K.L.:
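One structure follows; several queries about it will come next.
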Amino acid sequence: MSILNNIFLLLLLVSVIIIIIGLIKPSLVRMKSRKAAITRGALLFVLSFILFGLTMPDETEEVSEPDEEQILNEENEKKEAERLEAEKAKELEEQQKFQEQQALEEQQKKEEEERLRLAEEEKRKAEEEAAQRAQEEAAKVPTEVEETIPSEDISFKNCTEMRKVYPNGVPSTHPAYDSKHDRDGDNMACEQ
């Protein structure tokens with residue numbers, strides 16, 4: 001609203017007040033009669049109403065179009081917001097890929113550790129079985145050789161001679177055992 005429009009609106013209100021007071025007591029508005037108060041108040045009312053209507057802004061006027069600079073600024077702001085959103089989405093995607101990669105590496109590491117543990121366990125079992133087989137074979141060989149050799153008391157000068165007959169040596173319970181051939185004292189003579 002413009003300043004003139006405000007002034008004419010104020011005059012319009014004053015004219016209504018003059019008409020009301022002139023009807024009640026014309027001497028308060030310096031009029032001699034009610035008729036004069038109503039006439040002058042009505043004339044002021046009509047005149048201020050017309051002037052108020054003329055100074056009223058036209059609402060049917062088209063809203064001014066935004067200038068090109070404002071349009072460009074809005075477009076730039078929109079593009080910037082889209083770019084920031086795309087960067088944020090890309091960053092989230094990269095973070096998810098990184099976490100997935102770490103989880104995959106950790107899973108592979110656990111699988112590798114489990115595979116190594118199983119391989120080591122299999123190796124240990126194979127070594128135990130081989131040692132047990134060797135021990136069983138070592139125990140069997142003297143008995144097989146004993147069966148081929150007569151059970152008479154046999155003595156050997158040294159381990160070389162004994163190994164010709166008993167390649168794996170003899171235990172202390174064997175008749176060919178002699179403590180001089182058992183250097184390490186493990187009750188097995190001339191073992192390899």
Side-chain angles (χ1 to χ4, degrees), residues 1-2 6 56-192:
M1 280 186 152
S2 67
N6 290 337
M56 190 86 166
D58 191 11
E59 291 183 18
T60 60
E61 288 181 11
E62 293 183 20
V63 178
S64 62
E65 294 182 17
D67 58 349
E68 289 182 29
E69 186 177 330
Q70 186 178 0
I71 292 172
L72 288 175
N73 285 341
E74 289 175 1
E75 287 177 4
N76 288 340
E77 287 174 3
K78 196 183 244 185
K79 286 179 183 178
E80 183 67 19
E82 288 173 358
R83 185 186 65 77
L84 289 173
E85 190 174 318
E87 283 180 5
K88 194 173 187 180
K90 186 177 180 181
E91 188 176 306
L92 283 173
E93 185 179 327
E94 287 176 359
Q95 189 175 14
Q96 286 175 343
K97 283 182 182 179
F98 179 73
Q99 288 174 349
E100 289 172 2
Q101 182 68 24
Q102 280 187 328
L104 181 63
E105 287 175 0
E106 189 173 317
Q107 179 69 22
Q108 288 174 345
K109 185 178 178 182
K110 285 180 181 179
E111 288 174 359
E112 181 67 20
E113 288 174 356
E114 182 67 17
R115 188 182 62 76
L116 289 174
R117 187 187 62 79
L118 290 174
E120 193 174 304
E121 194 174 306
E122 286 179 22
K123 182 180 177 183
R124 185 183 49 81
K125 283 181 181 180
E127 288 174 354
E128 286 176 1
E129 289 174 4
Q132 188 176 2
R133 270 189 256 121
Q135 195 175 20
E136 288 173 0
E137 287 178 13
K140 286 181 183 178
V141 170
T143 57
E144 291 173 359
V145 173
E146 286 173 7
E147 291 174 4
T148 60
I149 298 176
S151 61
E152 59 191 52
D153 193 21
I154 302 171
S155 65
F156 298 95
K157 288 184 183 180
N158 55 33
C159 283
T160 307
E161 287 181 10
M162 186 184 282
R163 284 193 191 114
K164 289 179 184 175
V165 179
Y166 303 106
N168 293 325
V170 292
S172 62
T173 58
H174 194 277
Y177 178 82
D178 193 353
S179 61
K180 69 178 181 182
H181 300 304
D182 187 7
R183 290 184 184 158
D184 55 4
D186 65 349
N187 296 326
M188 189 77 176
C190 299
E191 74 268 21
Q192 290 184 344

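Here the structure is a predicted model, which is why all the values come from computation and not from measurement. Numbers for residues simply follow the sequence, beginning at 1.
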K.L.:
Please determine if Glu82 and Lys78 form a salt bridge, counting it only when a charged side-chain N lies under 4.0 Å from a carboxylate O.
P.N.:
no

K.L.:
Could you pull out all residues at least two apart from Lys88 that satisfy salt bridge (charged side-chain N to carboxylate O under 4.0 Å, His left out)?
P.N.:
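If we apply the salt bridge (charged side-chain N to carboxylate O under 4.0 Å, His left out) test to Lys88, skipping adjacent residues, there are no hits.
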
K.L.:
Using the side-chain contact (heavy atoms from CB on, under 4.5 Å) rule, pick out the option among Arg183, His181, Lys164 that qualifies with Cys159.
P.N.:
His181

K.L.:
Does Glu85 have more than 12 heavy atoms from other residues, nucleotides or ligands lying within 6.0 Å of its CD?
P.N.:
no

K.L.:
Looking at OG1 of Thr173 and CE of Met188, how far apart are the two atoms once the value is rounded to the nearest 0.5 Å?
P.N.:
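Answer for the OG1-CE pair, Thr173 versus Met188, is 9.0 Å.
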
K.L.:
Go through the steps for Arg124 and Glu128 under the test salt bridge (Lys or Arg N to Asp or Glu O under 4.0 Å), then give the verdict.
P.N.:
CA-CA 6 Å; Arg124 185 183 49 81; Glu128 286 176 1; 2.9 Å; yes

K.L.:
Return the minimal non-hydrogen interatomic distance between Pro171 and Tyr177, and the atom names on each side.
P.N.:
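For Pro171 and Tyr177, the tightest heavy-atom pair comes out as O-CB, 3.3 Å.
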
K.L.:
Taking all non-hydrogen atoms of both residues, which atom of Asp182 and which atom of Asn187 are closest, and how far apart?
P.N.:
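Closest heavy-atom pair between Asp182 and Asn187: OD2-N, 2.8 Å.
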
K.L.:
Of all the heavy-atom pairs spanning Glu191 and Arg163, show the shortest one and how long it is.
P.N.:
O-NH2, 3.6 Å

K.L.:
For the CD atom on Glu111, are there more than 12 heavy atoms of other groups (residues, nucleotides or ligands in this structure) within a distance under 6.0 Å?
P.N.:
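Yes, because the 6.0 Å sphere around CD of Glu111 holds more than 12 heavy atoms from other groups.
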
K.L.:
Could you pull out every donor-acceptor pair under 3.5 Å between side chains of residues 90-101 and any protein atom, sequence neighbours left out?
P.N.:
unit_1 : atom_1 : unit_2 : atom_2 : d
Gln101 : NE2    : Glu105 : OE2    : 3.3

K.L.:
Can any side-chain N or O of Asn158 pair as donor or acceptor with the backbone N or O of Glu161 at less than 3.5 Å?
P.N.:
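It does hold such a pair.
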
K.L.:
Could you check whether Glu114 pairs with Lys110 (Lys NZ or Arg NE/NH1/NH2 to Asp/Glu carboxylate O, under 4.0 Å)?
P.N.:
no

K.L.:
Hey, are the side chains of Phe156 and Asp178 touching, using non-hydrogen atoms and a 4.5 Å cut-off?
P.N.:
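Sidechains of Asp178 and Phe156: no contact.
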
K.L.:
Should the pair Glu122-Lys125 be classified as a salt bridge under the 4.0 Å nitrogen-to-oxygen rule?
P.N.:
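Judged by the 4.0 Å cut-off on N to carboxylate O distance, Glu122 and Lys125 do not form a salt bridge.
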
K.L.:
Before accepting this row, confirm whether a basic side-chain N of the pair Glu87/Arg83 lies closer than 4.0 Å to the acidic partner's carboxylate O.
P.N.:
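Salt bridge between Glu87 and Arg83, a charged N being under 4.0 Å from a carboxylate O: yes.
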
K.L.:
Go through the steps for His174 and Ile154 under the test side-chain contact (heavy atoms from CB on, under 4.5 Å), then give the verdict.
P.N.:
CA-CA 10 Å; His174 194 277; Ile154 302 171; 5.8 Å; no

